[in-house]
Protein chains: 2
Amino acid sequence: MGLTKSEIFSKKQNDIAQIAKVLGHPARIAILEHIAKVETCICGDLVNEIGLAQPTISQHLKELKKIGILKGNIEGTSICYCLDEVKWEEIKDTLQQFLNIFSNQNNSCC
Amino acid sequence: MGLTKSEIFSKKQNDIAQIAKVLGHPARIAILEHIAKVETCICGDLVNEIGLAQPTISQHLKELKKIGILKGNIEGTSICYCLDEVKWEEIKDTLQQFLNIFSNQNNSCC
DNA sequence: ACCTTTTATCGTAATATTGCAATATATAAA
DNA sequence: TTTATATATTGCAATATTACGATAAAAGGT
């Protein structure tokens, strides 16, 4: 089918999964790492940095924008992408909270 | 194409992405949450808990086993799934490290 | 041996994702 | 206004994912 049955899960579960899904591609990890590294915002030299075609990078940027991690400002003829810090904190919180679900109990195996 | 060009990315980038990809489905989040909640390990009542068919749950469990989050012990006629605590710590570390990539700089936008 | 229960695997249909060439769009420069 | 540059969108091919019915496999009970 290829179609996830989102209706049967909670909003929280869907949110966590959607964030993870967007992070679930090495190109998108590479984009975020590059933006983190260059400090100043970057636009299309991601195409040079990463070895993917321009439409492909553009598509990955769209995915990242979809959940709000990145925002893009028009800067002359190019577009400057950078982190949306507020949204990033939210996403970080959501994931960090999830990463602690096993912290309280003794998950000893049977 | 549907085929990720893993060769052009670092092992770390591929690792992070693979973990995120596995977590990128609400059913797998639900499975982990349920195992966290019931403390003791659980097997096939995930099918009842979550509203998906048995083969579907089995497939999702396989994905989770693939990156080692879960391990399954044969317990009579059923199989008891539970967290692989060592592996979970590794996965948690990998993700937590990634979540801090933006912590050092001032990612002010252009 | 036969049945029951539980889980895995196979096969398949529907949909999603990845990647790119071609093209469109938008802005700056000449 | 034409040209160049940068990014987005469209269309498409190849592959992956999701879901499930049917069936196999494994172990326990009768």
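Chain A is the first sequence line, chain B the second, and so forth, proteins listed ahead of strands; every chain is numbered from 1. All figures in this text were calculated on a predicted structure; none of them were measured in a lab.
dT18(C) atom P lies 15 Å from atom CD of E7(B), rounded to whole Å. Between E75(B) atom CD and dG29(D) atom P there is a gap of 13 Å when expressed in whole angstrom units. Regarding E63(A), its CD atom lies at a distance of 11 Å from the P atom of dG19(C), rounded to whole Å. Between the CG atom of N14(B) and the C1' atom of dT18(C) there is a distance of 14 Å, rounded to whole Å. Here dT17(D) presents its C1' atom at 16 Å from CG of L61(B), a figure rounded to the nearest Å. In this structure, I57(B) atom CD1 and dT17(D) atom C1' are separated by 15 Å, rounded to whole Å. Put simply, CG on L46(B) is 13 Å from P on dT6(C), counting in whole angstrom units. Distance, K65(B) NZ to dT7(C) P: 11 Å, rounded to whole Å.
For the pair R28(A) and dT18(C), the criterion of a side-chain N or O lying under 4.0 Å from OP1 or OP2 is met. Between K62(A) and dT7(D), a side-chain N or O to OP1/OP2 separation shorter than 4.0 Å is absent. The phosphate of dT18(C) has neither OP1 nor OP2 within less than 4.0 Å of any side-chain N or O from K21(A). Close to dT17(C), at under 4.0 Å from its OP1 or OP2, lies no side-chain N or O of H60(A). Phosphate proximity of dA6(D) to Y81(A): absent, as no side-chain N or O sits under 4.0 Å from OP1 or OP2.
Using a 4.0 Å heavy-atom criterion, one finds that S58(B) contacts the bases of the nucleic acid, with or without backbone contacts as well.
Considering all non-hydrogen atoms of both residues, L83(A) and K71(A) come closest at O-CE, 3.8 Å. Listed here is the closest heavy atom pair of I67(A) and I19(A): CD1-CA, 4.1 Å.
Considering D84(B), L32(B), I35(B) in turn, L32(B) is the only one that fulfils the side chain to side chain contact (heavy atoms under 4.5 Å, CB included) rule with I69(B).
If G44(B) and L3(B) are placed on DNA chain C by their nearest nucleotide, the residue sitting closer to the 5' end is G44(B). Along DNA chain D, the nucleotide closest to H25(B) and the one closest to I79(A) are compared, and the more 5′ of them pairs with I79(A).
Between H25(A) and H60(A), the ring-plane angle classifies as tilted under the 30° and 60° cut-offs.
L64(B) contributes atom CG, which lies 13.0 Å from atom NZ of K87(B) (distance to the nearest 0.5 angstrom).
Checked by atom type and distance alone, the side chain of R28(B) pairs as donor or acceptor with a backbone atom of V22(B) at under 3.5 Å. Judged purely by atom type and a 3.5 angstrom limit, S58(A) has no side-chain atom pairing as donor or acceptor with the backbone of Q54(A).
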Would you list the protein and nucleotides 20-26 of chain C atom pairs, both N or O, that sit under 3.5 Å from each other?
residue: dC20(C); atom: OP1; partner: K5(B); partner atom: NZ; Å: 2.6
residue: dC20(C); atom: OP2; partner: A53(A); partner atom: N; Å: 3.0
residue: dC20(C); atom: OP2; partner: T56(A); partner atom: OG1; Å: 3.2
residue: dC20(C); atom: N4; partner: Q59(A); partner atom: OE1; Å: 3.4

